[in-house]
Amino acid sequence: MEKLKIIGGKRLEGRVAVSGAKNAALPILFATLLSQAKSRIENIPALADIQTTLKVLSALGLRANFNEDNHFIEVDGEPLHSIEAPYDLVRTMRASVLVLGPLLARRGEAKVSLPGGCAIGARPVDFHLSALEALGAHFIIESGYIHGTAPKGLKGNRMKLPFPSVGATENALMAATLAEGTSIIENAAREPEIIDLAKALRSMGAEIKGEGQSEIIIAGGSSLKGMNHSVAPDRVEAATFLCSGLITEGSVETLGISPDFLTSALDELQLMGAKIERFSNSIRASFQDPLSPISLETAPFPGFPTDMQAQFMALATQARGQSVIRESIFENRFMHVPELCRLGAKIKIQGNVARVDGPSPLTGATVMATDLRASASLIIAGLAAKGETNVRRIYHLDRGYEQIEKKLQNLGASITREFDK
Ligand code: UD1
């Protein structure tokens, strides 16, 4: 196993390129299942979750080739010979459930192990299943697998999601592109990653209107051509670097991302007193004294993203006063709190609300990463902590951040990857 060793207290300064978004790349890769043709996708981040996705595609028979140095993947959709996403892969990455929509649409059958993934709550898939049922699919759960069939093919219909779930919207959208007739997704998720998936599907010939709004309309067809697409930038990675700069009283510019991807997060940073400069394809956040406390609640886009909650909490430890952070998307998403407290943070949890009293001087310690975004918050805190912080179990981090230590080193951080017994 590996760990990250951080010597805190170095001011971060400079520019950092943002990678392609993991959460856009995953559904887009699964969408290649919809076509028999060859697809080419660019700006793919080199991450553990991408490797897992390629293994799922290859377990289904597809041939995929990842040029990691140049960040592109070519997929041949022709040799699809299986409809089963196996347990060993799905348990490491919950997003594997996104094979359901494409496989049902193309083959009329799909089998997916009930998902595992990040330990941030129950995370059921009932909304995915009811949306696909509206298109004519039937599901049974057997031996730990979801088995879906649509012997007569999928038929376009109205799908009303009880909550704007990102994954359920993606499954519904992908399935509807090959369903017969028109489909409407009501109460759809509006995240930038949904917009990117719709763009990718459109490059395959799909007819989609309304992505980015609550109602998406899809005119289904009988086949799709290969995909040609470049993945949108990672807003969560960008926010992580902006918080990293601010906690060290520095100034960091994230390159290759429009401020429109981060509206609510940038508003919060501004409320905290940071100087935010919005350019057409980059964002700079600079520290200004004092850092004020925040009061925020996670919500579906355009609200504040749950995937940035832990990083903002780390930053809030250095604000003057009490910050209040409410997690409304996932239960059990405060696992970073005890570890932040080990570094000296003063945080109290009551239900889904965390109260952070700042500023508290942080001192280096050995801490355990518990999930992907929790790992990022520990790094941010470590950058501000006096002395040496060791973040263990960084395999969580490698699921979602490409070469984070190299990018932070280039900004002036003292952070190294080391072997951990
Ligand atoms: C995606 C992101 C994840 C992000 C989350 C919320 C990917 C690969 N992952 O996850 O990083 O944190 O969006 O922005 O893109 N729910 C149900 N039943 C369902 C589906 C969801 O009850 O069938 C609930 C979940 O338990 C959760 C909420 O809805 O409480 C939101 O989940 P959802 O938007 O579906 O998140 P994911 O797509 O899993």
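Counting starts at 1 for both ligands and their atoms, following the listed order. Computed over heavy atoms, backbone and side chain alike; hydrogens, waters and symmetry mates excluded.
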Heavy-atom contacts with T306 under 4.0 Å: which atoms of ligand 1 show up? List them by number with element.
6 (C), 12 (O), 14 (O)

With R333, the side chain to side chain donor-acceptor pair (under 3.5 Å) member among D307, T298, N352, D371:
D307

Does the N or O separation between E170 and ligand 1 drop below 3.5 Å for any pair?
no

Are there over 12 heavy-atom neighbours, none belonging to Q350, within less than 6.0 Å of that residue's CD?
no

Would you check whether E191 has a nitrogen or oxygen atom less than 3.5 angstrom from a nitrogen or oxygen atom of ligand 1?
no

Contact between ligand 1 and E193 is defined here as a heavy atom of the residue under 4.0 Å from a ligand atom; is it met?
no

Flag D307 as yes when one of its N or O atoms lies below 3.5 Å from any N or O atom of ligand 1, and as no otherwise.
yes

Write down the atom of S264, the atom of F304, and the distance for their closest heavy-atom approach.
OG-CA, 3.5 Å

Does any N/O atom on R94 come nearer than 3.5 Å to any N/O atom on ligand 1?
yes

Candidates T298, L197, V166; heavy atom nearest atom 1 (C) of ligand 1 found on V166

Atoms of ligand 1, numbered as shown, that sit under 4.0 Å from any heavy atom of P124:
17 (C), 18 (N), 19 (C), 20 (C), 21 (C), 22 (O), 23 (O), 26 (O)

Judged by heavy atoms only, the candidate from D49, I329, L129 nearest atom 30 (O) of ligand 1 is I329

Considering residues at least two apart in sequence or located in another chain, which fulfil the side chain to side chain donor-acceptor pair (under 3.5 Å) criterion with R417?
E2, D398, E405

With a 3.5 Å distance limit and no angle check, can you tell me whether N157 reaches the backbone of G136 through a side-chain donor-acceptor pair?
no

Does any N or O atom in L26 lie less than 3.5 angstrom from one in ligand 1, N or O only?
no

Can you run down the salt bridge (charged side-chain N to carboxylate O under 4.0 Å, His left out) pairs that involve residues 205-227, sequence neighbours left out, and say none if there aren't any?
R202-E211

Closest heavy-atom pair and its distance - S328, E297
OG-OE2, 2.7 Å

Step through the shown structure and confirm whether more than 12 heavy atoms of other residues, nucleotides or ligands are within 6.0 Å of NZ on K406.
no

K199 atom NZ, over 12 foreign heavy atoms within 6.0 Å
no

For G167 and ligand 1, does the shortest N/O to N/O distance drop below 3.5 Å?
yes

Closest by any non-hydrogen atom to atom 16 (N) of ligand 1: pick that one out of F330, F127, F163.
F127

List ligand 1 atoms under 4.0 Å from R333, heavy atoms only on the residue side.
12 (O)

Taking only heavy atoms of D126 into account, list the atoms of ligand 1 that are under 4.0 Å away from them.
17 (C), 18 (N), 19 (C), 22 (O), 23 (O)

